[in-house]
Amino acid sequence: MKKLFGGLNLTWPKIIIAAVLAGIYTAVMAILPITKDTSFADISISFEVWILFGILIIVNSKTPLESALKCFVFFLISQPLVYLIQVPFNVYGWGIFRYYPPWFLWTLFTLVMGYVGWYMRKEKWWALLILGAMLVLLAYHYYGFLRETISFFPNHLLSAIFCAVTMIAYPLCIFEKKQLRTVGVILSVVLLLAVTVIVFTNGRTSYETEVLSNGGSQGATFDDTYTAEFADPSFGTAEIIFEEGIEDYMVHVAFHKTGSTQLILTAPDGSKQVFDLEVGRDTYNIQKATDSGS
């Protein structure tokens with residue numbers, strides 16, 4: 001680990017190659033349908049892995065200027081490449097670059113972060129303040145991932161673990177002085193415990209929406225004498241409600257899980273209407289099952 005955090009010879013060609021590889025990998029994770037709503041796709045939308053890349057560049061640079069420039073070039077190459085590769089596969093085409101401006105601002109900010117971050121190597125007390133800013137950002141990401149994990153388990157579990165592990169590892173791997181390492185680990189543990197308590201105190205969240213309407217496009221017919229349920233109860237809850245806006249009945253659901261299941265409507269006489277349901281984090285697709293009743 002010590003070689004990784006200070007013993008690498010990161011030449012300019014290596015920085016450029018690493019940037020290209022990081023951009024390609026991130027784009028692939030964003031494109032593959034199987035990675036949607038998983039930890040593998042998080043690299044395309046959040047900072048935790050990019051923080052690791054930045055720190056590795058910082059601690060393996062010889063001067064603060066070199067650190068700043070290498071961080072800047074790494075992100076200047078990798079980030080637009082992520083979007084460029086997605087163009088042929090995304091419904092927005094070239095329009096996907098609408099999501100790049102915030103990342104470009106962060107790329108500009110890497111000049112400052114790379115320069116200032118290099119001074120962690122001086123092992124002064126204020127080095128903890130520099131690292132502390134990164135730890136707080138990681139704790140924020142940990143909060144989001146852990147909240148998603150307990151709500152839609154096991155989504156984003158690996159990302160939550162990654163944040164927790166790196167928060168502990170950074171002070172241990174960056175600093176040589178025992179005092180700095182100890183205080184850094186204590187800060188990380190306190191942040192992790194505080195965030196964990198907040199997440200579990202607030203409880204799980206859910207994705208709530210209406211998936212069917214009486215007489216709607218899916219051909220469902222029901223009223224408040226029917227019952228609605230998922231074939232797999234772990235997906236959440238379903239109930240029939242009367243919607244004043246359309247003056248008719250709808251099926252309201254609260255999803256606690258992503259994946260495939262079936263929604264079953266049961267009439268008072270026991271007959272059933274069955275619908276195949278694909279659930280994403282904030283999307284769904286429903287259609288009448290081929291063997292469903294009428």
Side-chain angles (χ1 to χ4, degrees), residues 29-42 44-46 90-91 141-161 195-294:
M29 291 300 101
I31 291 169
L32 292 177
I34 196 173
T35 65
K36 183 175 175 59
D37 297 320
T38 72
S39 297
F40 295 99
D42 287 335
S44 65
I45 55 177
S46 55
N90 192 278
V91 293
H141 280 65
Y142 173 74
Y143 168 83
F145 293 138
L146 185 62
R147 186 167 179 263
E148 289 294 299
T149 298
I150 70 168
S151 300
F152 299 92
F153 184 84
N155 292 12
H156 308 286
L157 174 61
L158 293 179
S159 292
I161 293 174
V195 168
T196 301
V197 169
I198 291 172
V199 169
F200 280 93
T201 300
N202 290 340
R204 63 193 302 179
T205 185
S206 61
Y207 166 37
E208 297 192 35
T209 186
E210 281 71 49
V211 296
L212 286 176
S213 60
N214 179 43
S217 60
Q218 297 300 327
T221 55
F222 57 91
D223 56 29
D224 58 358
T225 64
Y226 284 62
T227 60
E229 62 183 341
F230 294 122
D232 181 354
S234 67
F235 271 79
T237 60
E239 62 176 337
I240 295 173
I241 63 171
F242 185 78
E243 178 58 52
E244 297 288 348
I246 63 172
E247 296 186 345
D248 210 339
Y249 294 96
M250 302 188 76
V251 176
H252 177 83
V253 298
F255 293 121
H256 295 158
K257 186 177 178 179
T258 60
S260 302
T261 188
Q262 289 184 317
L263 176 67
I264 303 171
L265 301 182
T266 305
D269 63 4
S271 61
K272 299 180 183 296
Q273 300 171 67
V274 182
F275 299 84
D276 294 324
L277 192 58
E278 288 287 336
V279 184
R281 172 58 184 90
D282 52 11
T283 60
Y284 71 89
N285 181 53
I286 188 169
Q287 59 182 4
K288 203 163 190 175
T290 54
D291 59 347
S292 174
S294 58

Drop me the distance from [X]'s [atom1] to [Y]'s [atom2], to the nearest 0.5 angstrom.
X: Thr38; Y: Met29; atom1: OG1; atom2: CE; value: 8.0 Å
X: Ile240; Y: Met250; atom1: CD1; atom2: CE; value: 12.0 Å
X: Phe222; Y: Asp248; atom1: CZ; atom2: CG; value: 7.5 Å
X: Thr258; Y: Lys36; atom1: OG1; atom2: NZ; value: 9.5 Å
X: Asp276; Y: Ser260; atom1: CG; atom2: OG; value: 8.5 Å
X: His252; Y: Thr237; atom1: NE2; atom2: OG1; value: 7.0 Å

Show the nearest heavy-atom pair for residues [X] and [Y], with the distance to one decimal.
X: Asp282; Y: Tyr207; value: O-OH, 3.3 Å
X: Glu229; Y: Thr266; value: OE2-OG1, 4.3 Å
X: Ala254; Y: Glu208; value: CB-CG, 3.7 Å
X: Gln273; Y: Ala220; value: OE1-CA, 3.5 Å
X: Phe152; Y: Thr205; value: CE1-CG2, 4.1 Å
X: His256; Y: Ser234; value: CB-O, 4.0 Å

Tell me, do [X] and [Y] make a side-chain contact under 4.5 Å, heavy atoms counted?
X: Ile161; Y: Phe145; value: no
X: Tyr249; Y: Ser213; value: no
X: Val199; Y: Tyr142; value: no
X: Glu148; Y: Phe153; value: no

Test side chain to side chain donor-acceptor pair (under 3.5 Å) applied to Thr201 - qualifying residues, sequence neighbours left out: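 Listed in chain order: nothing, the list is empty.
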Heavy-atom neighbours of Ile45 CD1 exceed 12 at 6.0 Å: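 Buried by this count: over 12 neighbours within 6.0 Å.
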Crowding at CZ, Phe40 (>12 non-hydrogen neighbours, <6.0 Å):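 12 or below, so no.
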Among Leu263, Val251, Ile286, Val211, the one residue meeting side chain to side chain contact (heavy atoms under 4.5 Å, CB included) with Gln218: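 The single option meeting the side chain to side chain contact (heavy atoms under 4.5 Å, CB included) with Gln218 is Ile286.
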Ignoring hydrogens and angles, tell me if any N or O in the side chain of [X] forms a donor-acceptor pair with the backbone of [Y] under 3.5 Å.
X: Ser271; Y: Ala267; result: no
X: Tyr284; Y: Glu210; result: yes
X: Asp37; Y: Arg281; result: yes
X: Thr149; Y: Asn155; result: yes

side-chain contact (heavy atoms from CB on, under 4.5 Å) assessment of Leu146 paired with Phe200: CA-CA 9 Å; Leu146 185 62; Phe200 280 93; 4.1 Å; yes
Worked check of side-chain contact (heavy atoms from CB on, under 4.5 Å) between Asn214 and Thr221: CA-CA 5 Å; Asn214 179 43; Thr221 55; 4.0 Å; yes
Parallel, tilted or perpendicular: rings of Phe230 and Phe235 (30°, 60°):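 Rings of Phe235 and Phe230: tilted, 30 to 60°.
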Trace of the side-chain contact (heavy atoms from CB on, under 4.5 Å) decision for Tyr143 with His141: CA-CA 5 Å; Tyr143 168 83; His141 280 65; over 6 Å; no
Working for side-chain contact (heavy atoms from CB on, under 4.5 Å), residues Val279 and Val253: CA-CA 11 Å; Val279 184; Val253 298; over 6 Å; no
